[in-house]
Enquirer: 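This is the structure I have questions about; it appears just below.
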Amino acid sequence: MTAPPRIGSVWARRYPGYPQHDFDFRVTGVFTRDDVTYVEVEELGSGSPRRGRLVYILDYAEPVSSEGSL
């Protein structure tokens with residue numbers, strides 16, 4: 001990935017072989033600290049917030065919408 005995801009974009013995270021861990025999420029924040037990019041997301045099904053390194057949050061994820069709505 002060359003650029004971080006846009007705030008409001010919706011993504012689908014699908015784990016191969018572990019569908020019980022699949023979820024859709026909306027990006028709520030993107031920030032960089034010490035040359036590491038982090039992303040904050042909200043799970044669409046539960047509303048649970050998550051925060052983590054960009055490479056880990058977007059691992060197995062694909063964009064669904066860049067406008068923040070399905």
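Position 1 is the first residue of the sequence, and the numbers go up from there.
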Enquirer: Val30 and Pro5: which non-hydrogen atoms are nearest, and at how many Å?
Expert: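 Heavy-atom minimum between the residues: CG2-O, 3.4 Å.
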Enquirer: Would you give the length of the straight line joining atom OH of Tyr38 to atom CG of Leu54, rounded to the nearest 0.5 angstrom?
Expert: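 Nearest 0.5 Å value for the OH-CG distance: 11.0 Å.
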Enquirer: With a 4.5 Å cut-off on side-chain heavy-atom distances among I, L, V, M, F, W and Y, is there a chain of contacts connecting Tyr18 to Tyr60?
Expert: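 Looking at the clustering, Tyr60 is in the same group as Tyr18.
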Enquirer: How long is the straight-line distance from CD1 of Ile57 back to CZ of Arg13, given to the nearest 0.5 Å?
Expert: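 Output value for this atom pair is 5.5 Å.
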Enquirer: Of all residues at least two apart in sequence or in a different chain, which pass the ring-ring contact (aromatic ring centres under 6.0 Å, His included) check with Tyr56?
Expert: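 Here no residue qualifies.
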Enquirer: Tell me every residue that passes side-chain contact (heavy atoms from CB on, under 4.5 Å) with Glu42, counting only those two or more places apart in sequence or in another chain.
Expert: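 side-chain contact (heavy atoms from CB on, under 4.5 Å) list for Glu42, sorted by chain: Thr28.
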Enquirer: With sequence neighbours excluded, tell me which residues meet side chain to side chain donor-acceptor pair (under 3.5 Å) with Arg14.
Expert: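 Once residues adjacent in sequence are excluded, the partners of Arg14 under the side chain to side chain donor-acceptor pair (under 3.5 Å) criterion are Asp24.
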Enquirer: Of all the heavy-atom pairs spanning Phe25 and Leu58, show the shortest one and how long it is.
Expert: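 Reported closest heavy-atom pair: CZ-CD2, 3.7 Å.
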Enquirer: For the CD atom of Gln20 and the OH atom of Tyr15, what is their distance to the nearest 0.5 Å?
Expert: 10.5 Å
